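Below, each value reflects all heavy atoms present in this structure, side chains not excepted, and no hydrogens, waters or symmetry copies. Numbers restart at 1 for each chain; the letters A, B, ... are given by sequence-line order, proteins then strands. None of these values were measured; they are calculated from a predicted model.
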Amino acid sequence: MKKVLVLMIAVMAVLTLSACEKEDTTLNVWLFTDEIKGMIEDYYLVDNPDLPYTIEISITASADFEAKLDPVLDSKDAPDMVALEAAFVSKYVETGYLLPLDDTTDGDNIAQKAVNNGVMPYTLDIGTNADDGVVAMTWQCTPGAFFYRRSMATVTFGSDDPADVQAEVANWDKFQAAATDLKADGYNIISGYGDLTNVFYAGRTAGWQVDGALNLEDSIEDLFILANEIDPYTAQAGQWSDAWFAEMKGNATTFGYFLPTWGLHYVLVPNSRPEDSTETFATDPATSSWGDWGMVQGPQAYSWGGTWIAGLKTTDKPEACKDLIEYITINQEFQNLWVLKTGDFVSNKALVNSIKTQFSMEFLAGQNHYIMFADFAEGIDGSLMTSIDGTVQNKLANELVLYVNSDGSGDDKSYADCIADFKAEVEAALPDLTVA
Amino acid sequence: MVLNMKKNKVKAMKSDRTILNIQRTLIYILCVVLVFLSIIPFVIMIVNATRSNIDIQGGLTLIPSKYFFSNYANLTQTFLDKGDIHIFHAFLNSLYVTSFSVSLSVYFGAFVAYGFTAYEFKGKKALFTFVIGVIMVPTQISLVGFYQFVLVLGLTDSYIPLIIPAIATPTTVFFLKQYLAGAYQKDLIDAARIDGCGEFGIFHKIMMPIMKPALATMAILSFVGVWNNYITPNMLIRDNTKYLLPQFIALFSQDFYRTDYGIVYMALTLSVVPLLIMYACLSQYIVRGIALGGVKE
Amino acid sequence: MEIYNEETTKKVAKKINYSKYGYMYIAPFFIVYLLFNLIPLLFTFYLSVSDVRGFTKIGDSSIIGFENYLDIFKMNIFWEALGNTVIIWILNYIPQIGMAFILAKWFTDLRLRIKAAGIFRAFFYMPNIITAATVAMLFFSLFAYPFGPMNQLYGIFGLDPKDFLNDVWIARIIIAFIQFWMWYGQTLILLMAGIMAISPSLYEAAMIDGATSGQMFRKITLPLLKPIMLFILVTSLIGGMQMFDIPWLLTKGGPDYKTRTIMVLIYEQAFGRQGGGQIYNRSAAMSVILFFIVLAMSIGVAYLMKENKTKGKNGAKYEKK
């Protein structure tokens, strides 16, 4: 027993020591999905086989990312590089812990290169702070669209042409009218009111935080009213719930989904078919909605998600960080391969313009999603993004559920009560924010 | 007269027995209902682990279907697709942490309990009172302080802060001390000393074997405790390749992971079944351990 | 004389020697306890009066006094969370102790002679060994809206699907039920052990005096079970006030934050998901307050029980007369 124990302690000690020794020759990269892992392993390392360091990738769930990253920032446990999600990129951009990317002292101003390449300006705006300039960059651009079922459009609106359908949903009033029309034919305009929020927020005039104070615009009440009124015209499925996915299939009754670039490829396309379907595309309209989809802008230009990458000031390998960032966000050869493989939409306008004409998605009955996303991207307002978006929108969503009260259990919560509780929650969660 | 009285007595006894039988039947019925309550969630879980998502949403049944292996394949595939780990990997991580913790907790528990039993020293009573006293200190109260301390040590995302504290498990010490109060034989120890056995030799060669049944009980109980702990690992462990099983299961609390209930039930089943098997084999030790822990208090 | 003297010195030497071993044996426990329990506790107290939040590290922190505590006393959210915790604990504890008590009485009743009590008991205890995280996800799946098994059962009675976990009282009752379901088996084991530890001679004597089984239960079993009842109540209270896994994973504290327990709030403040965390100092201050609440409750319970106990004794004496 004693010997076993001594051995165990010895093993643990060795494991700890070996973990410490590796530090010097590795570039530690923290990610929250394996997307960038694929870029590094399948492209960057292939193009750069002789790096004098190894890249150590570790993945932290995005919900816990901030809680795990914040305490180690500015310490020896900090990673060299991080991937930052749209929900929290602004927070880190503003902290001053990120490595400036437009530093000209070492002659490698990759931010300028991005500008020269014609990067979508809003993506750079989001990664810029007043003191350090550009500190986070992205390879992608995530404009959103409204995807609709062509067969249902034909039944209700007499046409499945994108121009005609866009006219039916061009603003929120028309959108509500369209919901009534669709319901008359037994269709739900969207699968749940939760899909609206993100799009609606894009129509605000300023971000959630203005001069250190919470900015609650009057339009939020319109969102509550809209969500409540539209709820009976939806399939009452929560975003990301199993029912939400089920409504994308052939036999479903949901007319449309608000989804961004990645949502088309990673959410809508794979879920449009039965789970056991092994074909690239299925054609049985009873089970598969493949080819029955159309794409329009909808009532509001918006963006959803996106991943930025950044180095940390504490890194001992700033050049290595910049090299990887440059490769992922600027290298057109790589981006071209990446687009062809994944269908991802890149933020580099020059590349987008050179490749956009070649696309035609069978899934969308031949529509060129690339041209459309390129158009929609122009309408995005990057200044709306602030460092507190994740928390604020989360807390507001908690109240919206009670206001709408879909299944009618108990009483609806009034808007005034919702906002009072919302403010108390935001104040408790963000002590440095002024909540009037 | 006498005969009549006897008859009455027999009658009374008979009616007494009938009441008793009715009572007994009702108790059995209640117990069966409660047993049903204890197992039905697990039965539904296991059955649903063999059904497809569409079937699960279609209706409730207790008849297994044929999707067991496809659910398993989907579980591992979707998690790998999402950049997460294989459930088996999380299982091994949990096994690693738990086996170290349990060994340390039981070994050092015995060590300390023996120290308190076999030796006289100054402050012994006060120190033992301290050990008993800290059993009642709510552990999660110092969670934030524990985290900040681990941060200062630079040991976040490491298993060490999950394992080393097991050396000081007051409940184990207390239980083993109680056990030794009955099992400790001074004569045996003295005889060993005369034979030239060292103090630590006595502990390892003589006391450990004597304490074996109690050690086993404590090992099982602390196994369950460590294996099921969620809050501490969730607070400390970041890298998803280091996730412990409860953390892995907790991923399903996010909608993003809950898209196919066949997968959810499969993961839950895989996390529960080993525990159920262990319990089926060892339930008597567990029950005894809990009973003793409470009574001696 | 000389020999005697030698022996005493030997004895003394031996004693000193042995006490050294005593310290060596208990040292690992106290060193590790100091390191991983006492220091964190002190850290918690320090954090609660410090400015450690956000990106401020404990190494660069300073003491700001009782500001965090004053903040908390003004926070409705904190008191609501405390209320939620107490409500859910009571909803779970009363049926738990009631059910365990009745079962313990039946299972130990010599006249009833319930067969297979051990097997029943093993089944009742079983949910306790399952990971709370798994139990939470299992019940989430069972109560899923609109297609979960409970809703399918609901549908059999012709009722519309219900979002159970989105209804304040149903959600609280489900959490309380899970706690009950996981813990009444343990309470039963403890109570049975307590009852069986009572000397049978007491009952024999009472039977000779012509006491009924009800009287014996009230006059002998109950008073002698007081210590174990106290143990169960205090441990359940301490555990209940720290309830975390189930509400955190089952309802995330919702709906309307009405199942957010104090521990969930403490965790959220320090390690909150999707932003809003890293308020370590306030989280620590909440922990300290909780610490004193639990302490006060435990002492209060112990005091009340003690008072009852003396009353019980007096009663017994009176009976004897």
Side-chain angles (χ1 to χ4, degrees), chain B residues 20 23-24 27 31 34-35 38-39 41 44-45 57 59-60 108 111-112 114-116 119-122 124 127 136 138 140-146 148-149 152 164-165 167-168 173 199 224 228 230-231 235 246 249-250 252-253 261 264-265 268 271-272 275 279 283 287 290-291 294-295 297, chain C residues 18-19 21-23 25-26 28-29 32-33 36-37 39-41 43-44 47 58 106 111-112 114 120-127 129-134 137-138 141-142 147 149 152-153 186 189-190 193-194 197 228 231 238 242 244-245 249 263 270-271 280 283-284 287 290-291 294 298:
Chain B
L20 210 60
Q23 230 179 335
R24 220 175 262 153
I27 291 168
C31 285
L34 288 174
V35 168
S38 281
I39 59 172
I44 293 174
M45 173 188 79
Q57 297 188 343
L60 192 58
F108 282 102
F111 206 73
V112 179
Y114 178 72
F116 274 123
Y119 302 99
E120 290 303 325
F121 48 88
K122 222 175 160 186
K124 177 172 146 174
L127 288 172
M136 284 294 171
Q140 290 183 9
I141 298 288
S142 51
L143 203 68
V144 186
F146 181 71
Q148 287 288 335
F149 179 60
V152 169
I164 296 298
I167 290 173
V173 174
E199 290 304 310
V224 172
N228 291 341
Y230 164 72
I231 191 168
M235 177 178 78
I249 294 297
F252 289 108
S253 68
Y261 273 95
V264 177
Y265 285 112
L268 295 176
S271 84
V272 165
L275 284 170
Y279 184 67
S283 68
V287 170
I290 289 160
V295 173
E297 189 73 14
Chain C
Y18 283 158
S19 80
Y21 279 113
Y23 290 123
Y25 268 103
I26 65 164
F29 177 93
V32 173
Y33 192 86
F36 285 98
N37 290 77
I39 292 181
L41 196 62
F43 264 53
T44 307
L47 286 169
I58 200 159
W106 287 339
R111 281 172 68 241
L112 280 168
I114 300 293
F120 284 134
R121 192 171 63 168
F123 271 109
F124 300 162
Y125 180 70
M126 191 181 73
I129 61 149
I130 307 298
T131 319
T134 301
M137 291 331 300
L138 177 56
S141 308
L142 294 177
F147 301 123
Q152 288 163 353
L153 206 66
Q186 162 142 355
I189 293 170
L190 291 171
I228 202 138
F231 173 77
I238 294 173
Q242 298 181 84
F244 175 77
D245 292 8
L249 292 174
M263 204 58 219
F271 312 107
Y280 302 108
S283 174
S287 304
L290 177 61
F291 177 81
V294 171
S298 304

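Contacts of C:Ile39 with chain B are made by side-chain atoms alone, with heavy-atom separations under 4.5 Å and no backbone atom involved. Interface residue B:Val224: only side-chain heavy atoms are found under 4.5 Å from chain C. Contact annotation for C:Leu249: both backbone and side-chain heavy atoms come within less than 4.5 Å of a heavy atom of chain B. Neither the backbone nor the side chain of B:Lys124 comes within contact range of chain C, judged by heavy atoms closer than 4.5 Å. The contact between B:Tyr261 and chain C is made entirely by side chain atoms (from C-beta outward), counting heavy-atom distances below 4.5 Å. Using a 4.5 Å cut-off between heavy atoms, B:Tyr230 contacts chain C through both its backbone and its side chain. If you measure heavy-atom distances from B:Ile231 to chain C, the contacts under 4.5 Å come from both the backbone and the side chain. With a 4.5 Å cut-off on non-hydrogen atoms, B:Phe121 touches chain C through its backbone and its side chain both. The contact between C:Ala270 and chain B is made entirely by side chain atoms (from C-beta outward), counting heavy-atom distances below 4.5 Å. Interface remark: C:Phe271 contributes side-chain atoms only to the contact with chain B (heavy atom separation under 4.5 Å). Looking at B:Val35, the atoms closer than 4.5 Å to chain C (heavy atoms on both sides) sit in the backbone and in the side chain alike.
Contact count versus chain B (heavy atoms, under 4.5 Å) is highest, among C:Ile58, C:Ile238, C:Ile129, for C:Ile129. Your options are C:Ile130, C:Leu41, C:Asn37, and the one with the most heavy-atom pairs under 4.5 Å with chain B is C:Ile130. Note on B:Leu60, B:Leu143, B:Ile44: by heavy-atom pairs under 4.5 Å with chain C, the leading option is B:Leu60. The most heavy-atom pairs under 4.5 Å with chain B, out of C:Ser298, C:Ala133, C:Ser141, C:Ala132, come from C:Ser141. The choice from C:Ile114, C:Leu153, C:Val294, C:Leu290 that makes the most heavy-atom pairs within less than 4.5 Å of chain B is C:Ile114.
In this structure, B:Gln148 and B:Val152 have side chains that are not in contact, with every pair of non-hydrogen atoms separated by 4.5 Å or more. Contact check for C:Phe291 versus C:Thr44: no side-chain heavy atoms found under the 4.5 Å cut-off. Counting only heavy atoms from C-beta outward, the side chains of C:Met137 and B:Ser253 approach each other to under 4.5 Å. At least one side-chain heavy atom of B:Ile164 sits less than 4.5 Å from a side-chain heavy atom of B:Ile167.
By the side chain to side chain donor-acceptor pair (under 3.5 Å) test, B:Asn228 pairs with C:Thr131, sequence neighbours left out. The side chain to side chain donor-acceptor pair (under 3.5 Å) test applied to C:Tyr125 returns C:Asn128, not counting sequence neighbours.
Between C:Ala284 and C:Leu47, the shortest heavy-atom contact is CB-CB, 3.5 Å.
For B:Tyr279 (side chain) and C:Ala122 (main-chain N/O), a donor-acceptor pair under 3.5 Å exists by modelled atom type. A donor-acceptor pair is defined here as one N or O able to donate and one able to accept, closer than 3.5 Å; no such pair exists between the side chain of C:Arg121 and the backbone of C:Ile189.
Using the six-membered ring where Trp is involved, B:Tyr119 and C:Tyr25 have ring planes that are parallel, under 30° apart on the 30 and 60° scheme.
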